Structures are given as C-alpha cells and as structure tokens.
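Working notes for the structure below.
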Amino acid sequence: MAKFRRRTCIILSLFILFIFSLMMSLKMLRPNTATFGAPFGLDLLPELHQQTIHLGKKLDLQKSGRIKSETNTKNLKSVEVTMKPSKASELNVEDLPPLNYFLHVFYYSWYGNPQFDGKYIHWNHPVLEHWDPRIAKNYPQGRHNPPDDIGSSFYPELGSYSSRDPSVIETHMRQMRSASIGVLALSWYPPDSSDENGEATDNLVPTILDKAQKYNLKVTFHIEPYNNRDDQNMYKNVKYIIDRYGNHPAFYRYRTRTGKSLPMFYVYDSYIMKPEKWANLLTTSGPHSVRNSPYDGLFIALLVEEKHKNDILRSGFDGIYTYFATNGFTYGSSHQNWAKLKFFCDKYNLMFIPSVGPGYIDTSIRPWNTQNTRNRINGKYYEVGLDAALQTHPSVVSITSFNEWHEGTQIEKAVPKRTSNTVYLDYRPHKPSLYLELTRKWSEKYSKERATYALGDQMPAS
C-alpha cells in the first residue's frame, strides 16, 4: 500500500508539473482578452502619454551583469561565442515559389558601424528611462557598447552591420526573396532628417531600389513622424518621393478596383495629426489635396485605439494597418478585434492590413517593459498571428518586422552569441532561417487563399 501511495504521488506530481509548464507556455501567447495595464501599455505611444522618455546619467552596462533572456538562463562561462553566417543555409532563388506582392514587411535602414559610417549607429541605442523616477532608479542607464553589446535581445547573423553596406542590402533582399515577401515597406524620413538615435538615410533609397529590383522585390514607403509633420510638408514629401523614385521599376504601385495603379504610403503615428489637417491633404476638396493628381496614392493610417476609426474616416485615409507585434498591446494589435476592423473597413471601402510579428522583446532598450514581451515559442506565436490575419481575408498582410532588432520583432537571421556578461536569444533548436521559412510557408497559403476571394480584384501593378 505504501508503494502504491508513492507511485500515485509521483504520477500526480509529474502531472501538475506538466500542467504548470503548459500554462506558462500558453501565457506567453497572450490571451485575446488581455488588458494593457501599467507600467507600459499605451503610455509609450506619442500623445497618448504626455511625459517624455529621456536618457539619464550614463552607467557602464558592462558592469551590470545583465542577461538578455525571456526566461531564466543558466550561468555561462566567461567566454564569447558567436555563430558565423553560413552560405550553405542560403536557398537557391530559382527553386523558390513566386513572390507574393500582397505580403509586405517593415524594413529599417538606420544601422551603422565604424567601417561604413565612422561610428556605430542604433546598435549603441540608449537604455530608455521609465517616466516614473521611482521605477527608473531600479534599472540601468546609459548606452550599449557594440559590437558585443548591442541594443537587442537577439544577435544578427550579419553582426552589427551597416545599412550602407551594399552586401548587407543584397543579403537582406535575398532573405526576403527566400521568404516569398514581395514588398518591403521602407522606414523613411525626409532628406537631412532622421529619428533621434540615427542619421539621415534617404540617400540609401536608390541603392535599396536597385538591389530590390535584382530580386524582383518592390519598395513602398513607411513615413515616420518626422519633426513638425503637417499637411503642407506631407504634400511636399509625397511629391518628392514620387518625383524622385516613382519611375524606378522597383517602386511599388497597387492596382485598385478601378484600374488605377497607385503608390502606397504607410503613415506611422498618423493619429498625432488632427483629422482636419489630414483632410487638407487626403480629400478632394482639401487645399493641399493629392487626390486626382500625379501625387495621388493609397495612404494607410495606423490604428491604435478603437476611436481612431472615425478619425481615419474623417481624415480621408484609404486604409488602416496595426503595426505592433504584441497581441493585446493596443486595440488594433489585438487579434480578437481584427474581424470587427475588417467589417468596418469593408463597410467604408477601406483597405485592412493587419500586422503580424514573430514575437516581441524590447527589454534591451526598455528594461522595465517585461510585461509586453511575447515569447516566440519556436514560431508558434508567429503562426497564430498569421492564421488570425488570414482569417479576415485582408487586402494585404504586413509583417513587423524584417529587422527592428531593438524590439525583437525581426524575422532576419539571428545566431547564438554569448559573452562574459550577456547571453543573446536565438532561434534554436531551429536554424537561423526559421522565420524566413515560416514566412514562405504562410505566404504561399495566403496567395492561394486570396485568389479565391479576390478574383480579378486589386491585382498588384507591374
């Protein structure tokens, strides 16, 4: 009888341990009913949180002994290990399925290193302070110190590369081609301007277009919230993009139901500007209207909160996208709301473009934001999001992102790396190409499904 009791206790203990492990894994998928909550939530988004995140006194991060991990990581020996890129992992382009021009990926060209730029850019991203001093004092401050200490929880197969390196651009295009992605949405600032941690990148656009053309990729523009963005300078910048790049064969145009071939512009943080200002640009009666002119296009607004729907209508936008890779972070990024958003878009003849990401972790630059981490679960999180997107029969699907390394949303190849102070996350037990391969799989599925509900409708322009 005692032996039976011991056996029963052991079996029961193992069962409880299995259930606990399963629940922890499912938790990282983030239930659809999840709330935003403090301390991060919507507070990080411009104008939804009025206090400015700023950089405090510098602290030597090397001495902080930080470990970049989504889960607890065992202590490692004080030795640096980096996996080198393998050419053998590259696929033969001729053997790949066709490109899907309805699958877009957000792409960032803001990285720099001493070889090409004279210094590191973005890889040395500052650690951002929490706006509450009581919370901020509990976390390290300062900047990252490349090449071994970068502002990311993952480490690129290409190392701390420069976006100006032609070989890097070509490798990126080849990776996108291998994933059957047809369009890259290039993060864009006007000439001579940049994000607060980078430098001007508009002069890279010609090279990006040329390299994209080599692999039959198309390039569209993701217009960032540059300083003093308004309806008048938006008109000038749209005109600049179309005049300067519109005749390049890799410049993306979308064929509408009426047969027009129009450029597409994603507008990040569009909600910052009032609808009345957008209407000056995006309605036919506006004083700076692009409508029915050589500078007309499809302008896609970022929807964050549900109330933005009516603002987007009043503004004259042509569609919405959701950008954020964190399910449950915003109304727009929550999978459970996509069917309702698609219904709204259909009702008002808008494009619905859900954004899907492979995971999210930004604690290398926002160490206080652990609650918004989304574990990749070996690709499961990504596939759940892609499945949710395809169920809505979207006009286009966007991927966040190809290479936003700071927020851990990249599908670009990452490799194992560890130093005496840091262990980076990676895609093991799978290959560095895992998320490119998953993207290719779902690109094919989306292409086949879209053909059944969009016959003769909105074909991509050549």
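Positions are given from 1, in the same order as the sequence printed here. What you are looking at is a predicted structure, and each value in this text was computed from that prediction instead of being measured.
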Pairs touching residues 104-124 that satisfy salt bridge (Lys or Arg N to Asp or Glu O under 4.0 Å), sequence neighbours left out: D117-R164, K119-E199
Restricting to pairs with a member in residues 381-405, which pass salt bridge (Lys or Arg N to Asp or Glu O under 4.0 Å), not counting sequence neighbours? E383-K441
Can you name the ring pair (Phe, Tyr, Trp, His ring centres under 6.0 Å) partners of [X], sequence neighbours left out?
{"X": "F317", "value": "W278"}
{"X": "Y427", "value": "F154, Y435"}
{"X": "H430", "value": "none"}
{"X": "F299", "value": "F265"}

Listed partners of [X] passing side-chain contact (heavy atoms from CB on, under 4.5 Å), at least two apart:
{"X": "K340", "value": "Y331, N337"}
{"X": "S447", "value": "N100"}
{"X": "P206", "value": "Y245"}

Among all residues two or more places apart in sequence or in another chain, which pass the salt bridge (Lys or Arg N to Asp or Glu O under 4.0 Å) test with D318? R291
Kindly write out the residues that satisfy salt bridge (Lys or Arg N to Asp or Glu O under 4.0 Å) with K445, not counting sequence neighbours, or none if the list is empty. E449
Distance col, row S167:OG vs H172:NE2, nearest 0.5 angstrom, shows 9.5 Å
S398: partners by side-chain hydrogen bond (donor to acceptor under 3.5 Å, both in side chains), with sequence neighbours left out: S355
